[in-house]
Amino acid sequence: MIKVNLQNVSAPVSVFEAVKAENPDVLKGALCAEVNGKVVGLSEEVCENGEITLFDFSDPEGKKTYWHTTSHVLAEAVKILYPEAKLAIGPATDTGFYYDFDYDPGFTNEDLSKIESQMKKIIKKNTRLNRYTLSRAEALEKVKDEPYKVELINDLPEDSELSFYEQGDFTDLCAGPHLTFTGSIKAYKLLSITGAYWRGDEKNKMLRRIYGISFPTREELDAHITQLEEAKKRDHNKLGRELELFTTADVIGQGLPIMLPKGARVIQLLQRWVEDEEQKRGWLLTKTPLMAKSDLYKISGHWDHYQDGMFVMGDEETDDEVFALRPMTCPFQYQAFLNRGRSYRDLPMRLAETSTLFRNEASGEMHGLIRVRQFTISEGHLMCTPEQLADEFRNCLDLTNYMLKTLGLYEDVSYRFSQWDPEDTEKYIGTPEQWDEAQGIMKEILDDIGLEYKIGVGEAAFYGPKLDIQIKNVHGKEDTLITIQIDQMLAEKFGMEYVAADGTKKNPYIIHRTSIGCYERTLALLIEKYAGAFPLWLAPVQLKVLPISERFEDYAKKVTDELLAAGFRVELDNRSEKIGYKIREAQLEKLPYMVIVGEKEAEEGTVSVRSRKDGDKGSLKLDEFIKELKVENDTKAR
RNA sequence: GCUAGUGUGGCGCAGCUGGUAGCGCAAUUGAUUCGUAAUCAAUAGGCCGAGGGUUCAAGUCCCUUCACUAGCUCCA
């Protein structure tokens, strides 16, 4: 981005011309500009002197302009090849662009190639994009054959400016900004065809969406495509299966992964660590049932607000009792609080549980270990007084931050303050006043901590606002890893009370929180973070002992046993292959350490150590090596 | 749930417009004991996701279903 101070503007002139008059050199690579706080195309007019900012492809604004124009070229190509296709919307995203079409035959992969060729022609013609505005009546007349555009116009506020961009014979209702010429698009690729609901509402028609990406040079495009392929190699769903951390079975069903010995071990390691850490921080452990009668969920509100998400066993019409697997731990853990009368002296009461949950996700939602139907979460509910709320919230956040830092994920997360949607009366319980209060309290706490967050309207839980800790997977898709919620509604519903110092009975505030999230999802992100090469303390197999030939298997066995006895996770490679082959296999397994033993080592009582981190460490006395390992393991070094 | 795609031995693939399944690696056995992958020999392993249908004949065509993938919606 380059700032330019315009000094010679006397009459309205295009940004391009104005900058050219000032300093033509800075126009190289410029794609759009910010004038008076608004991002505009370079062909748009400026009327007065002052500072403007130019953006090129390295700026998000530049990228978006570039991609957005590519989407218009895509739309034009589609309209030429498939005139009956109706235009919906075609914005730039953080990772490219898409355009939605209503075209019932749908597009095939062959169509994509055809469209790409057509786009080439449009780009070659290098048509100019002209912006103009119309009155509402004129605009509606202009788009009368495009029902989605008509709907867009009709839904815009009365006073909004209706701008159009015209490139040759193709015109689109669009706020812009755009590049000045289609020929500026140098390298592009259409990536996929998918369905997408009109206006993101599943009640609306599903349109055909074409995704694509473009770059100023062929090299950048190629590099981007290579990068996508590289990302695929880290994909936990591929790598996790290759490394035998987990698998799935058709006969078991969707969203129900099988943790293989290695995956199960990593989860166990995480779980022990989390439970121990929670204990250190004053959390008490509960163990509550995985299912309950429908009565419980009726009190909590799940029956009315979450039933679609639950696995219900039995039929209310025909069965005496109907059960449901638990989708959340809250109402179960509350029973522990309700076990006897509580006073303010019992508070804060911090209840933690390693809790297996069941959610009946829609069939298309499942994804590897990220979205599953059964998962185990480091759950917790904290009952406290209003005075304790801020400190306790802060403590919960401290714990999650400690977890994230230790795992090496801290730099990768972002925070979302998830609020309710006052328009959505179906989804939420409670009154606007209660929501204002709970959200107000949370805002105060977050601002006091100084956390940088974005706001997610309609992302709250049905009973209260959330602080969601978000993380992106290897494909750039964001998911919630951890959540901390403030709930002032369920305590009342469940009759949870404590006797305050003044003798009155009060409902406690409840913090719903997780310390490390659910183990499956966290494991998925760790696989991707480390590309399967887990730090020593988390590695399912920490060392592999490789005898250079079968003659040294006795010594290899002895070394293995000693390492096992010292508490390490060790495997002995007892195959008859050459050592080079064994090493190569061990490398593929991404082990922290290889221990090679042969004649020399057997005689000296040493081991030849090869570390993933430090390479060849040479011969070490076994007991000294073990000491070193213990230190590394205990410090949870990455 | 919706839109599209995929589904052949553990893994990676071949199998064109239908004619009764192959290859490489891995595995097993025997020989070899070789210090940074692929010596020798032999063996075993697949009702081609599942269930129907068309056909004299289906991995190849049609229908249904299950699972996996991308995206939408939804969500930890």
Side-chain angles (χ1 to χ4, degrees), chain A residues 93 98 100 103-104 106-109 111-112 191-211 232 235 237-238 241-242 244 247-256 306 308-309 327-329 355 357 359-373 375-379 418 427 458-459 461 466 468-471 475 477-483 485 512-514 516-522 524-525 546-553 575-588 594 596-601 608 610 616:
Chain A
T93 66
Y98 65 82
D100 286 348
Y103 178 63
D104 278 335
F107 300 108
T108 63
N109 285 323
D111 292 333
L112 278 195
L191 296 169
S192 59
I193 316 154
T194 68
Y197 298 106
W198 168 236
R199 300 202 139 178
D201 188 336
E202 62 179 330
K203 292 184 193 77
N204 289 337
K205 181 164 186 186
M206 180 161 270
L207 308 173
R208 313 287 171 157
R209 174 172 297 178
I210 297 178
Y211 280 96
K232 224 172 267 175
D235 186 334
N237 208 2
K238 182 167 163 40
R241 290 168 195 268
E242 272 171 19
E244 296 189 325
T247 187
T248 51
D250 289 10
V251 286
I252 288 184
Q254 261 194 311
L256 298 167
Y306 206 83
D308 286 349
M328 293 168 189
T329 323
S355 177
L357 304 179
R359 295 188 188 176
N360 191 7
E361 304 286 354
S363 62
E365 308 301 342
M366 262 64 75
H367 168 65
L369 296 180
I370 299 245
R371 273 299 276 292
V372 288
R373 280 182 167 151
F375 56 94
T376 299
I377 190 166
S378 54
E379 183 81 276
S418 295
K427 191 173 162 185
E459 302 283 356
K466 309 192 285 179
D468 290 322
I469 304 183
Q470 304 290 105
I471 191 158
H475 301 295
K477 194 171 167 173
E478 190 176 279
D479 269 299
T480 303
L481 188 62
I482 289 172
T483 179
Q485 310 168 2
H512 303 232
R513 58 97 242 192
T514 160
I516 201 182
C518 76
Y519 290 97
E520 292 80 357
R521 184 174 284 186
T522 303
L525 288 151
L546 314 175
I548 65 162
S549 92
E550 281 174 20
R551 280 193 290 141
F552 309 107
E553 261 187 40
R575 290 174 307 179
S576 61
E577 273 86 0
K578 288 187 174 183
I579 185 67
Y581 186 84
K582 290 183 188 176
I583 289 174
R584 180 252 180 185
E585 287 290 297
Q587 279 167 346
L588 289 180
M594 285 179 242
I596 299 165
V597 296
E599 196 164 7
K600 181 168 141 291
E601 290 80 2
S608 280
R610 187 154 164 154
D616 196 343

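All values below were derived from every heavy atom in this structure, side-chain atoms included, with hydrogens, water molecules and symmetry-related copies excluded.
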When you get a sec, tell me which of [options] is the closest nucleotide to the side chain of [X]?
X	options	value
T194(A)	A76(B), G71(B), U73(B)	G71(B)
C518(A)	C75(B), U73(B), A76(B)	A76(B)
H367(A)	A70(B), A76(B), U73(B)	A70(B)

Would you please confirm or rule out a distance under 4.0 Å between OP1 or OP2 of [N] and any side-chain N or O of [X]?
X	N	value
Q254(A)	C66(B)	no
R208(A)	A4(B)	yes
K427(A)	C75(B)	yes
K466(A)	A76(B)	yes

Whole-Å gap separating [atom2] ([N]) and [atom1] ([X]):
X	N	atom1	atom2	answer
N109(A)	G71(B)	CG	C1'	14 Å
M366(A)	U6(B)	CE	P	21 Å
R371(A)	U73(B)	CZ	C1'	10 Å
Q470(A)	C75(B)	CD	C1'	10 Å
L256(A)	C66(B)	CG	P	14 Å
L481(A)	A76(B)	CG	C1'	9 Å
D111(A)	A4(B)	CG	P	12 Å
M206(A)	U73(B)	CE	C1'	7 Å

Approximate separation, where rounding is to 0.5 Å, of [X] [atom1] and [Y] [atom2]:
X	Y	atom1	atom2	result
Y519(A)	T514(A)	OH	OG1	7.5 Å
Y197(A)	N204(A)	OH	CG	10.0 Å
D468(A)	I482(A)	CG	CD1	10.5 Å
S608(A)	M594(A)	OG	CE	12.0 Å

Taking only the [atom1] atom of each, what is the distance from [N] to [M] in whole angstrom?
N	M	atom1	result
C48(B)	G9(B)	P	10 Å
C2(B)	U64(B)	P	12 Å
C68(B)	U60(B)	P	22 Å
U43(B)	G22(B)	P	15 Å
G30(B)	A44(B)	P	16 Å
A58(B)	G18(B)	C1'	6 Å
A38(B)	C25(B)	P	13 Å

May I ask which nucleotide in the shown strands pairs with [N], Watson-Crick or G-U wobble, both distances under 3.5 Å?
N	value
C25(B)	G10(B)
G46(B)	none
U3(B)	A70(B)
U39(B)	A31(B)
U20(B)	none

TODO: For each nucleotide in nucleotides 45-51 of chain B, reading 5' to 3', give B when a protein heavy atom comes within less than 4.0 Å of its base, S when such contact involves only the sugar-phosphate, and - otherwise.
DONE: -------

- [ ] Determine, for nucleotides 28-37 of chain B in 5'-to-3' order, which nucleotides have protein heavy atoms under 4.0 Å from the base (write B), from only the sugar-phosphate (write S), or from neither (write -).
- [x] -----BBBBB

- [ ] Output all residues satisfying side-chain hydrogen bond (donor to acceptor under 3.5 Å, both in side chains) with K427(A), sequence neighbours left out; order by chain, then residue number.
- [x]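 K427(A) satisfies side-chain hydrogen bond (donor to acceptor under 3.5 Å, both in side chains) with no other residue.
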
Open item on the list: If the condition is ring-ring contact (aromatic ring centres under 6.0 Å, His included), which residues does F552(A) pass it with, not counting sequence neighbours?
Closed with: none

Open item on the list: If you assign G200(A) and L207(A) each to the RNA chain B nucleotide with the nearest heavy atom, which residue ends up on the more 5' nucleotide?
Closed with: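 Its nucleotide being nearer the 5' end, the pick is L207(A).
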
Task: RNA chain B: 5'-proximal contact among A249(A) and T483(A) (nearest heavy atom) - done: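 The answer here is A249(A).
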
Mind listing the side-chain donor-acceptor pairs of residues 361-370 of chain A below 3.5 Å, one per line with the distance, residues two or more places apart or on another chain?
{"residue": "E361(A)", "atom": "OE1", "partner": "R371(A)", "partner atom": "NH2", "Å": "2.7"}

Task: With sequence neighbours excluded, residues passing side-chain contact (heavy atoms from CB on, under 4.5 Å) with T194(A) - done: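 Once residues adjacent in sequence are excluded, the partners of T194(A) under the side-chain contact (heavy atoms from CB on, under 4.5 Å) criterion are S192(A), R209(A), Y211(A).
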
Task: Heavy-atom side-chain proximity of H512(A) to M328(A) below 4.5 angstrom - done: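 No. Closest side-chain heavy atoms not under 4.5 Å.
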
Task: Exercise: identify the closest heavy-atom pair between E478(A) and Q470(A) - done: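 Scanning both residues completely, I find the closest heavy atoms to be OE2-NE2, 2.9 Å.
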
Task: Pair R199(A) + D201(A): basic N to acidic O under 4.0 Å - done: no

Task: Basic-acidic side-chain contact under 4.0 Å: K205(A), D100(A) - done: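 No.
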
